[in-house]
**Student:** 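Quick one: the structure is below, and I'll ask about it shortly.
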2 protein chains.
Amino acid sequence: MRSIGALGKATNTKVETIRYYERIGLLAPPQRTDGNYRTYDDEALARLSFIRRSRDLGFSLDQVRALLSLTDQGTQDCKTVDRIARDHMAEIERKIADLIALRHELSTMIESCGGGNISGCRIIEALSPFDN
Amino acid sequence: MRSIGALGKATNTKVETIRYYERIGLLAPPQRTDGNYRTYDDEALARLSFIRRSRDLGFSLDQVRALLSLTDQGTQDCKTVDRIARDHMAEIERKIADLIALRHELSTMIESCGGGNISGCRIIEALSPFDN
DNA sequence: ATGCTCCCTGTAGCAACTACAGGGTCAAGA
DNA sequence: TCTTGACCCTGTAGTTGCTACAGGGAGCAT
């Protein structure tokens, strides 16, 4: 059994975040000590580690919730898990593509500026709606 | 002069978003009709277009605010503009790198699953803290 | 007894909108 | 003239995923 602070250290999670996960129902309310302190067992540690790892991989809390409920049902519905992971992957692909397009536009814009001694700023011009 | 709805259509911006920009001081409060409707001139259209284009390029509202104040000062401080743009570019590079690393991790995880007929789900295992 | 670190609850803040609720305005058609 | 419908108004609360207090209590060392 460990305190919330110890759990936080073990999972690299802020105390407030753990309480937040409890509030939104991602973590079950743990047992309390006489002094009303939360105490966590190994299962809670495993669950929070799972949540954090999923979050690090970019899953939303809703997706994490879905993954957790699938693992909570003993029936390991691998197809659904696979679909969630693949959907997430597709979204990341989209984001990468968007950012690469953005980088291209930005770099074109910045190139045209060239250092800062031009009287009319090309970046501002590039952002402006009408050609001056 | 145009209504808020017309301005929204012209700049592909929701009416609520325009009012929000006004509330946070990004757009000046426009003139009103007798019936208390907002009316916008061409300058407002240009300003909102600038904002939207900057947002599309991923600048934060704070960055947009800085860019706008630089253009409002007649002195076109190209160096500052350039720095804002380059900082933003660097951040986008970071995001791209992060997402690509993520994609790699995710794809390894998904590959190992292979379709959904395994008894212990490999994705769940990959997310779990301990090897079962 | 005092200080220190930890813990508690509850609420408010962040970005950048979005979505109502509960009304007023205005132009066009019957 | 009346009414319908599309638009507009203000104000407030919701979204995501936390984070940061404020104002207290618990527990341990000196």
Side-chain angles (χ1 to χ4, degrees), chain A residues 1-27 29-40 44 47-68 84 87-88 91-92 95 98 102, chain B residues 1-40 44 47-48 50-68 84 87-88 91-92 95 98 102:
Chain A
M1 296 302 248
R2 50 184 74 71
S3 72
I4 192 167
L7 181 64
K9 254 170 212 147
T11 57
N12 199 26
T13 310
K14 299 214 162 136
V15 166
E16 288 95 339
T17 305
I18 298 174
R19 285 196 285 247
Y20 169 71
Y21 287 164
E22 181 183 330
R23 207 164 55 242
I24 64 169
L26 222 59
L27 287 176
Q31 283 191 289
R32 302 283 185 134
T33 64
D34 289 352
N36 201 29
Y37 283 19
R38 290 169 178 84
T39 45
Y40 295 93
R47 196 176 172 90
L48 181 54
S49 300
F50 182 98
I51 294 171
R52 296 303 287 180
R53 172 134 180 79
S54 303
R55 293 286 304 127
D56 285 348
L57 287 171
F59 288 96
S60 72
L61 286 183
D62 261 9
Q63 288 174 316
V64 175
R65 209 186 293 273
L67 291 172
L68 280 171
I84 292 173
D87 283 357
H88 179 43
E91 205 180 319
I92 284 171
K95 276 186 192 160
D98 283 358
L102 219 91
Chain B
M1 296 301 248
R2 52 183 76 70
S3 73
I4 193 169
L7 181 64
K9 253 171 212 147
T11 57
N12 198 26
T13 309
K14 298 217 165 132
V15 166
E16 288 95 338
T17 304
I18 298 174
R19 286 195 285 245
Y20 168 70
Y21 286 163
E22 181 182 331
R23 208 163 55 239
I24 64 170
L26 222 59
L27 287 176
Q31 284 191 284
R32 302 281 185 136
T33 63
D34 289 352
N36 201 30
Y37 283 20
R38 290 169 177 83
T39 45
Y40 295 93
R47 197 174 172 91
L48 182 53
F50 183 98
I51 295 171
R52 296 302 286 178
R53 172 136 179 78
S54 304
R55 293 286 302 126
D56 285 348
L57 287 172
F59 288 97
S60 71
L61 285 183
D62 263 7
Q63 287 174 317
V64 175
R65 210 186 293 272
L67 290 172
L68 279 170
I84 292 172
D87 283 357
H88 180 44
E91 204 179 321
I92 283 171
K95 275 185 193 161
D98 284 358
L102 218 91

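Note on naming: letters A, B, ... go to the chains in the order of the sequence lines (proteins, then strands), and numbering restarts at 1 for each one. What you see is a predicted model; the values in this text were computed from it and never measured.
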**Student:** In whole Å, what is the span from the CG atom of B/Leu27 to the C1' atom of C/dA16?
**Tutor:** 14 Å
**Student:** State, to 0.1 Å, how close A/Thr13 and A/Thr11 come at their nearest heavy-atom pair, and which atoms those are.
**Tutor:** OG1-OG1, 2.9 Å
**Student:** When you measure from the side chain of B/Arg2 to the backbone N and O of B/Gly8, does any donor-acceptor pair fall under 3.5 Å?
**Tutor:** no
**Student:** Can you name the closest pair of heavy atoms from A/Gln63 and A/Phe59 and give their distance?
**Tutor:** OE1-CA, 3.3 Å
**Student:** By the 4.0 Å heavy-atom rule, please label B/Arg38 as base, sugar-phosphate, or nothing.
**Tutor:** sugar-phosphate
**Student:** Looking at every strand, decide which applies to A/Tyr21 at a 4.0 Å heavy-atom threshold: base, sugar-phosphate, or nothing.
**Tutor:** sugar-phosphate
**Student:** Looking at B/Arg55, does any N or O in its side chain come under 4.0 Å of the phosphate oxygens OP1/OP2 on C/dC17?
**Tutor:** yes
**Student:** Can a side chain N or O of A/Ser3 be found less than 4.0 Å away from OP1 or OP2 on C/dC7?
**Tutor:** yes
**Student:** With a 4.0 Å heavy-atom cut-off, tell me which residues in residues 5-18 of chain B come close to DNA chain C, sorted by residue number.
**Tutor:** B/Lys14, B/Glu16, B/Thr17
**Student:** Looking at every strand, decide which applies to A/Ile24 at a 4.0 Å heavy-atom threshold: base, sugar-phosphate, or nothing.
**Tutor:** nothing
**Student:** Can you measure B/Arg23 atom CZ to D/dG11 atom C1' for me and round it to whole angstrom units?
**Tutor:** 9 Å
**Student:** Quick one: pull up CZ in A/Arg32 and OH in A/Tyr37 and give me the separation to the nearest 0.5 Å.
**Tutor:** 11.5 Å
**Student:** Should we count CG of B/Asn12 as having more than 12 external heavy atoms under 6.0 Å?
**Tutor:** no
**Student:** I need the CG-C1' distance between B/Asp62 and C/dC17, as an integer number of Å.
**Tutor:** 15 Å
**Student:** What pair of heavy atoms forms the shortest contact from A/His88 to A/Gly58, and how long is it?
**Tutor:** CE1-O, 2.9 Å
**Student:** By the 4.0 Å heavy-atom rule, please label A/Thr33 as base, sugar-phosphate, or nothing.
**Tutor:** nothing
**Student:** Output the rounded distance in Å from OH (B/Tyr40) to P (D/dC8).
**Tutor:** 10 Å
**Student:** Using whole Å, what does the distance between atom P of nucleotide D/dC8 and atom CD1 of B/Ile4 come to?
**Tutor:** 7 Å
**Student:** In terms of heavy-atom contacts, does CG of A/Asp98 have more than 12 from other residues, nucleotides or ligands at under 6.0 Å?
**Tutor:** yes
**Student:** How many Å lie between CD on B/Glu22 and C1' on D/dC9, as a whole number?
**Tutor:** 11 Å
**Student:** Report yes if a side-chain nitrogen or oxygen of A/Arg32 is closer than 4.0 Å to either non-bridging phosphate oxygen (OP1 or OP2) of C/dT9; otherwise report no.
**Tutor:** yes
**Student:** In whole angstrom, what separates A/Arg19's CZ from C/dT11's P?
**Tutor:** 15 Å
**Student:** Does either side chain, that of A/Tyr21 or that of A/Arg52, offer a donor lying less than 3.5 Å from an acceptor on the other one?
**Tutor:** yes
**Student:** Anything under 3.5 Å between a protein N or O and an N or O of nucleotides 22-24 of chain C, put it in a table, one pair a line.
**Tutor:**
residue: C/dG24; atom: N2; partner: B/Tyr37; partner atom: OH; Å: 2.6

**Student:** Write down the atom of B/Arg55, the atom of B/Val64, and the distance for their closest heavy-atom approach.
**Tutor:** CD-CG2, 4.1 Å
